Number of protein chains: 2
Amino acid sequence: MAHHHHHSHVDCIRLVPIFNHLNEEQMSLIAQSAHEVHYEKNALLFGSGDKDDTLYIVNNGRVRIYNLNESGREQTVRILNPGDFMGEVAIFQTESYHSNYAEAISEVSICRIHKKDMNDYLDAYPEIIRRILSDVTKRLQVSEKQTMQVGMEQVESRIIDFLSEYVENEENHTYVTLPMSKKDLASYLGTTPETISRKFSALEEKGLIKQHTHKYIEIFDLDELLFSSS
Amino acid sequence: MAHHHHHSHVDCIRLVPIFNHLNEEQMSLIAQSAHEVHYEKNALLFGSGDKDDTLYIVNNGRVRIYNLNESGREQTVRILNPGDFMGEVAIFQTESYHSNYAEAISEVSICRIHKKDMNDYLDAYPEIIRRILSDVTKRLQVSEKQTMQVGMEQVESRIIDFLSEYVENEENHTYVTLPMSKKDLASYLGTTPETISRKFSALEEKGLIKQHTHKYIEIFDLDELLFSSS
DNA sequence: CGTACTCTTGACATAGATCAATACAAGTGG
DNA sequence: CCACTTGTATTGATCTATGTCAAGAGTACG
């Protein structure tokens with residue numbers, strides 16, 4: 001399922017915000033203790049309750065983190081892109097158990113660094129831990145916002161808010177390329193695919209957006225769209 | 001509204017998990033740069049968007065952190081007890097703005113430490129930042145769990161889950177003393193006071209709990225209660 | 001002891017979940 | 001490169017949990 005490569009220099013260290021302030025020499029030292037691992041699409045990298053003591057850094061591809069409730073519904077927590085890391089729960093707390101699930105949503109290459117090694121680097125280069133803290137703090141902020149949205153806002157507002165975070169502009173076209181399937185978007189926004197589908201259709205009927213393909217959505221008037229949600 | 005005291009030794013440093021591994025001398029050094037501030041019940045310590053660059057440590061009393069959505073509904077994010085800290089968003093990220101609201105839910109005394117001073121201590125005593133990271137990581141985990149619950153679970157399950165985290169035992173009595181008003185509980189669980197009220201009544205009718213006072217709730221059979229939610 | 005919350009209960013409205021059937025898209029193997 | 005299979009997306013019909021509005025009861029506090 002997962003197959004291993006060994007390089008003397010592992011590229012991913014160089015790309016990652018938590019390490020890229022280091023010099024070449026320092027980075028290649030760290031790289032030596034990192035294992036590169038590949039996963040195919042849909043592979044489960046780890047599950048809730050798994051004992052583990054490595055930090056995962058995404059080198060290539062995308063990973064989805066989610067939780068399961070008792071009735072088996074999934075709540076997507078976040079999507080990791082290259083340069084993002086995960087598994088810090090297992091590293092920075094005394095109990096080394098994962099609290100959620102990580103799934104490859106494309107072919108993925110990952111660098112894994114052991115807790116023990118990581119601790120050495122944290123001691124040697126204190127800037128690393130500051131960057132990690134900054135990242136985790138940011139994520140806490142995002143997570144708290146997501147909690148509020150999921151608990152208090154109508155689905156339509158959540159969608160609009162989500163879209164507004166992914167808008168791009170190009171020669172007076174405003175559009176969004178959804179970073180995940182609508183199924184996963186539903187899970188991220190705490191609703192069902194059916195409801196997502198209906199709400200997108202509703203926005204389209206109101207003339208606010210146009211769905212060119214399932215993932216490519218044109219936005220006619222962003223301000224009006226934002227206004228309509230409040 | 002808030003009145004200031006100056007002590008050469010500020011007690012709160014001693015009590016706080018992120019500092020209490022330091023020796024007396026180190027703690028009193030830090031204490032010297034900490035300001036103790038008192039707030040009365042219902043005072044707002046800070047609001048979303050406020051520029052600020054201090055870390056807040058709760059010395060006495062309880063503080064509620066919440067967010068507001070556009071329609072003015074509050075989502076309670078967490079309740080701080082003595083020893084807990086907040087405001088790390090403003091400290092550990094480059095932009096020094098609060099992203100949520102903090103309100104005293106009792107009379108409160110707080111220690112405030114400036115970003116600049118804090119950074120010095122982080123450099124001098126690296127263990128502090130590790131403890132902070134561990135705390136923030138833990139909170140991220142809790143927040144992600146809360147997101148899932150608010151998004152995916154029925155209100156009754158959320159209540160039961162909440163109760164199960166606060167159960168105490170005493171001479172074959174199982175009970176919960178609610179750490180906040182039902183109004184605030186509603187906000188924490190992403191619902192309304194009315195719904196909370198109804199669900200508690202429903203649990204009582206099913207013979208699973210008995211509400212002796214508004215905040216003191218006896219639980220007859222915890223296992224059965226937990227079972228009934230799944 | 002009365003003013004002001006918080007809490008409870010009722011009646012009613014509705015957003016969104018669920019179930020089911022069909023259409024679309026993408027990936028696979030011949 | 002085209003059938004075929006599998007998963008994703010859409011749309012409709014129905015059901016239900018929970019929100020909203022309103023009125024009364026309980027509690028706490030000055």
Side-chain angles (χ1 to χ4, degrees), chain A residues 40-43 64 69-76 103-107 148-160 177-205 209-217 228-229, chain B residues 40-42 64 69-76 103 105-107 148-160 177-205 209-217 228-229:
Chain A
E40 55 203 38
K41 186 172 172 179
N42 295 325
R64 180 173 74 101
N69 75 353
E70 301 95 18
S71 39
R73 267 178 81 193
E74 297 178 0
Q75 165 78 54
T76 297
E103 174 198 64
I105 54 177
S106 68
E107 224 180 290
M148 185 179 74
Q149 288 199 328
V150 165
M152 319 294 278
E153 311 273 14
Q154 309 269 106
V155 170
E156 195 166 295
S157 308
R158 292 180 235 162
I159 289 175
I160 290 172
T177 308
L178 294 182
M180 56 182 121
S181 66
K182 284 193 181 150
K183 179 173 155 286
D184 287 344
L185 181 60
S187 153
Y188 182 73
L189 297 180
T191 182
T192 59
E194 293 94 327
T195 297
I196 289 287
S197 210
R198 281 185 241 277
K199 295 299 177 188
F200 269 96
S201 303
L203 291 174
E204 194 157 15
E205 270 163 34
I209 65 170
K210 169 145 182 62
Q211 308 182 68
H212 288 272
T213 72
H214 283 163
K215 291 202 177 157
Y216 183 87
I217 292 150
S228 80
S229 81
Chain B
E40 55 203 36
K41 186 172 173 179
N42 295 325
R64 180 173 74 102
N69 76 353
E70 301 94 20
S71 38
R73 268 179 82 194
E74 296 178 1
Q75 166 78 56
T76 297
E103 174 198 64
I105 55 177
S106 68
E107 223 179 290
M148 184 179 75
Q149 289 199 328
V150 166
M152 319 294 278
E153 311 272 15
Q154 309 268 108
V155 171
E156 196 165 295
S157 308
R158 293 179 233 162
I159 290 176
I160 290 172
T177 306
L178 293 183
M180 56 183 120
S181 67
K182 284 194 179 147
K183 180 173 152 287
D184 287 344
L185 181 59
S187 153
Y188 182 73
L189 297 180
T191 182
T192 58
E194 293 94 326
T195 298
I196 290 286
S197 210
R198 281 184 241 278
K199 295 299 176 189
F200 271 95
S201 303
L203 291 174
E204 194 158 14
E205 269 162 33
I209 65 169
K210 169 146 182 60
Q211 309 182 66
H212 288 274
T213 71
H214 283 164
K215 292 204 177 156
Y216 182 87
I217 292 150
S228 79
S229 80

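For the numbers below, each heavy atom of this structure counts, side chains included, while hydrogens, waters and symmetry mates do not. Chain letters run A, B, ... following the sequence lines, proteins first, then strands; residues in each count from 1. Source: prediction; values computed, not measured.
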Please test B/E74 against B/R64 for salt bridge (Lys or Arg N to Asp or Glu O under 4.0 Å), starting from the C-alpha separation and ending with a verdict. CA-CA 11 Å; B/E74 296 178 1; B/R64 180 173 74 102; 2.7 Å; yes
Rounded to whole Å, the CD1-P distance (A/I105 to D/dT8) equals 12 Å
Taken to the nearest whole Å, CE/B/M180 to P/C/dT6 is 15 Å
- Query: Between B/R158 and B/E153, does at least one N-O distance fall below 4.0 Å, as a salt bridge requires?
  - Reply: no
Practice problem: With heavy atoms under 4.0 Å as the rule, sort B/S197 into base, sugar-phosphate or nothing. | Solution: base
Taken to the nearest whole Å, NZ/B/K215 to P/D/dG26 is 19 Å
Query raised in the report: Does a side-chain N or O from A/S181 land closer than 4.0 Å to OP1 or OP2 of D/dG7, or not?
Result: no
*If you look at every strand shown and take non-hydrogen atoms under 4.0 Å, does B/K41 touch a base, only sugar-phosphate, or nothing?*
nothing
- When we call it a touch if two heavy atoms are under 4.0 Å apart, what does A/T213 touch: a base, just sugar-phosphate, or nothing? nothing
To the nearest angstrom, the NE2-C1' distance between A/H214 and D/dG7 comes to 12 Å
Applying a 4.0 Å non-hydrogen cut-off, can you work out what B/Q211 is touching in the nucleic acid: base, sugar-phosphate, or nothing? sugar-phosphate
With the side chain defined as heavy atoms from C-beta on, B/K183 is closest, among C/dG16, D/dT8, C/dC7, to C/dC7
Exercise. Under a 4.0 Å N-O cut-off, is there an ion pair linking A/R198 with A/E205?
Worked result: no
note: A/E107, atom CD; C/dA26, atom P; distance rounded to Å ~ 18 Å
CG (A/N69) and CD (A/Q75) are apart, to the nearest 0.5 Å, by 9.0 Å
The side-chain contact (heavy atoms from CB on, under 4.5 Å) partner of A/L189 among A/T195, A/I159, A/T76, A/D184 is A/I159
d(B/I160 CD1, B/E156 CD) to nearest 0.5 Å is 5.0 Å
Every protein N/O lying under 3.5 Å from an N/O of nucleotides 18-20 of chain C:
residue : atom : partner : partner atom : Å
C/dT18  : O4   : A/R198  : NH2          : 2.8
C/dC19  : N4   : A/E194  : OE2          : 3.2

When rounded to whole Å, the NZ to P distance for the pair B/K199 and D/dT16 reads 13 Å
The residue, B/P193 or A/T191, whose nearest nucleotide of DNA chain C is more 5′ is B/P193
Taking D/dT10, D/dT18, C/dT9 as options, the one with an atom nearest any side-chain atom of B/R158 is D/dT18
B/Q154 has its side chain closest, among C/dT6, D/dT18, D/dA9, to D/dT18
Rounded to whole Å, CG of B/N42 lies from C1' of C/dT6 at a distance of 13 Å
Rounded to whole Å, the CG-P distance (A/L203 to D/dA9) equals 16 Å
Residues passing the side chain to side chain donor-acceptor pair (under 3.5 Å) test with A/E204, sequence neighbours excluded, are A/Q211
